[in-house]
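In what follows, chains are A, B, ... by sequence order, proteins preceding strands, each numbered from 1.
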2 protein chains.
Amino acid sequence: MADTDDNLAIERADRPSSQRKITKILAAARAEFFGNGFSASSIEAIAARAGVSKVTIYSWFKTKENLFAEMVKGECAHLSQNFVDENLESKGVREVLIDTAENMLDFLTRDERVRFDRILAAEVSRDPRVGQYFLDNGPRALLQNLAKLLESAMDQGKMQSSDPIASAEMFVGLVMGHLDLLLRYGEKIDLTADQRRARATRAVDAWMLIHQK
Amino acid sequence: MADTDDNLAIERADRPSSQRKITKILAAARAEFFGNGFSASSIEAIAARAGVSKVTIYSWFKTKENLFAEMVKGECAHLSQNFVDENLESKGVREVLIDTAENMLDFLTRDERVRFDRILAAEVSRDPRVGQYFLDNGPRALLQNLAKLLESAMDQGKMQSSDPIASAEMFVGLVMGHLDLLLRYGEKIDLTADQRRARATRAVDAWMLIHQK
DNA sequence: ATAAAATTGAACGGTTACGTTCAATTAAAA
DNA sequence: TTTTAATTGAACGTAACCGTTCAATTTTAT
């Protein structure tokens, strides 16, 4: 996100109480920013929520923009978790793909993720770097992992693809469809385990059909 | 969006000059809201941009929220255009689907559309009704049209589906993949005509393969 | 215990913005 | 032309918020 000021807030937070406060500040920032967006959130409210003085915030994070960026950074680390199921040998190709698709669905339909998506995208016009940073550390990393998994799957199954990344993209498209859109616009979607499995299965079968040799 | 106050601003705008001003206000509101989001946009700036007094805005649109909602309403009307190619008889199934997919790509990658998406989604937490309204008048209507087209296509081609809406959703998923995501996060994507056609073709062929009898 | 660093509360200046009021002016309808 | 509606500029009250300053206090390292 920022150019060189990595961990602007943490680099000299030796004191244990500082660590604790920084953590609380970031948590409060997340809550406020998620709830109101960047502009409508105030440092004062964040300070109050964190149980911390306003000056403390300014002493660790120089500006509101920076606090936001630092919060995003934390979220990204949290978000770039891997939901690729690796057990290709023990489980069989189709099973693994279905599990992976289910993990994707589970993760992407989470309310917290949706809210994050909303407010972060909105701030892209204000500061394009946050979008760039998020893409690199979230979706892009994820797609790489997925592509790798799919390549292994294709080796073991009777499948092929001339463009693994495009195939991975297609996988995502098949799994999510426009669920993403509905969620972002406030549609309440809580898939039951059965529905999730059904959707994952349908997507995987379609994907395998497309990539059959 | 609103319950009963349809066209709050226009219902007694008999004067021609009023009409003109209302139009300018809405245009200015769109520009400001698109550029800065809801919170960071000020009525004063909108008034200045529209070349209109602040009082005039408040006299036509009671509140900032309402001005935003009215602006969204106008955009939705503008956005719910139909990009389904209807010439099924004259053109052949595959061609029509490819054309439709190309239209989708063309429309959905437009910068204005992306910006609209960003700021509207961000305001969903503040007022869920705008999301609801948009879904009903944009994506939902679109998906219905698409499903209808696809059903006709399946009749004429050797295809089938047990769930036309799910098939339409899949169509969208295959065409867009995660382009939508990249665009929302600021990725510059300007597809050449060739790339667009290639992507559309790939998606349509995949879709037809999945739905073959 | 002592020195250094972190934190606090309170206040401040400056800015921005919402929404309102009002008397004066302009435009349009009859 | 008269009358009615719309528009304007300016000012107002109120509130929020950013970011800073400072002296006083608390926490931590040594």
Side-chain angles (χ1 to χ4, degrees), chain A residues 2 5 7-29 31-71 119 123 126-127, chain B residues 5 7-29 31-71 119 122-123 126-127:
Chain A
D5 55 342
N7 288 337
L8 197 156
I10 293 103
E11 62 190 6
R12 38 157 213 162
D14 5 49
R15 308 291 213 271
S17 87
S18 301
Q19 271 296 1
R20 245 177 309 147
K21 298 207 175 188
I22 290 173
T23 306
K24 289 187 98 176
I25 291 170
L26 285 170
E32 289 290 324
F33 285 137
F34 278 11
N36 317 314
F38 178 80
S39 298
S41 297
S42 80
I43 297 277
E44 241 127 1
I46 294 170
R49 184 189 283 262
V52 149
S53 152
K54 184 168 63 155
V55 189
T56 305
I57 293 188
Y58 277 104
S59 99
W60 290 115
F61 310 85
K62 295 302 172 195
T63 63
K64 192 181 174 186
E65 282 78 12
N66 192 65
L67 174 57
F68 182 81
E70 221 62 44
M71 179 277 280
I119 70 119
E123 298 314 323
R126 183 178 54 80
D127 181 1
Chain B
D5 54 343
N7 290 337
L8 195 157
I10 291 103
E11 61 190 7
R12 39 159 214 165
D14 6 48
R15 307 291 214 270
S17 86
S18 299
Q19 271 295 1
R20 245 177 309 149
K21 301 210 173 191
I22 289 172
T23 305
K24 291 188 98 178
I25 291 170
L26 284 171
E32 289 290 324
F33 285 138
F34 278 11
N36 317 315
F38 178 80
S39 297
S41 297
S42 79
I43 297 276
E44 243 127 2
I46 293 170
R49 183 189 282 262
V52 148
S53 152
K54 184 168 64 157
V55 188
T56 305
I57 294 188
Y58 276 105
S59 100
W60 289 117
F61 310 86
K62 294 303 173 196
T63 63
K64 192 182 173 186
E65 281 78 14
N66 192 66
L67 173 58
F68 182 82
E70 222 63 44
M71 179 277 279
I119 71 119
E123 298 314 322
R126 184 179 52 81
D127 180 1

If every non-hydrogen atom of [X] is compared with every non-hydrogen atom of [Y], which pair is closest and at what distance?
X: S41(A); Y: G37(A); value: OG-O, 2.6 Å
X: A47(B); Y: S53(B); value: CB-C, 4.2 Å
X: I43(B); Y: K54(B); value: CG2-CG, 3.9 Å

When you measure from the side chain of [X], which nucleotide among [options] comes out closest?
X: K21(A); options: dT7(C), dC18(D), dT7(D); answer: dT7(C)
X: S42(B); options: dC18(C), dT8(C), dT7(D); answer: dC18(C)
X: T56(B); options: dT7(C), dT8(D), dC22(D); answer: dT8(D)
X: V55(B); options: dA10(D), dT21(D), dT7(D); answer: dA10(D)

| So F33(A) and F68(A), would you call those rings parallel, tilted or perpendicular, with 30° and 60° as cut-offs? |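 Rings of F33(A) and F68(A): perpendicular, as their planes differ by over 60°.
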Length of the line joining [X]:[atom1] and [N]:[atom2], which is rounded to integer Å:
X: W60(B); N: dA5(D); atom1: CH2; atom2: P; result: 12 Å
X: I57(A); N: dT7(C); atom1: CD1; atom2: C1'; result: 12 Å
X: K54(B); N: dA17(C); atom1: NZ; atom2: P; result: 10 Å
X: R20(B); N: dA6(D); atom1: CZ; atom2: P; result: 15 Å
X: I43(A); N: dC17(D); atom1: CD1; atom2: P; result: 11 Å
X: I22(B); N: dA5(D); atom1: CD1; atom2: P; result: 16 Å
X: E44(A); N: dC18(D); atom1: CD; atom2: C1'; result: 8 Å
X: R49(A); N: dC17(D); atom1: CZ; atom2: P; result: 14 Å

| Do W60(B) and L67(B) come within less than 4.5 Å of each other through their side chains, counting heavy atoms only? |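 No, side chains not in contact.
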| said: Heavy atoms only, 4.0 Å cut-off, all strands: where does S39(A) land among base, sugar-phosphate and nothing? | reply: nothing
| task | Using side-chain contact (heavy atoms from CB on, under 4.5 Å) as the criterion, list what pairs up with F34(B), not counting sequence neighbours. | result |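 With neighbours one apart ignored, the set is R30(B), M71(B), E75(B), E112(B), R115(B), F116(B), I119(B).
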| Between E32(B) and N36(B), does a side chain to side chain contact (heavy atoms under 4.5 Å, CB included) hold up when you go through it step by step? | CA-CA 6 Å; E32(B) 289 290 324; N36(B) 317 315; 3.1 Å; yes
| said: Below the 4.0 Å mark, does dT7(D) have OP1 or OP2 next to a side-chain nitrogen or oxygen of S18(B)? | reply: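 Yes, within the criterion.
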| field | Helical bend (five base pairs per end, nearest 10°) for the helix from dA1(C)-dT30(D) to dA30(C)-dT1(D) | value | 30°
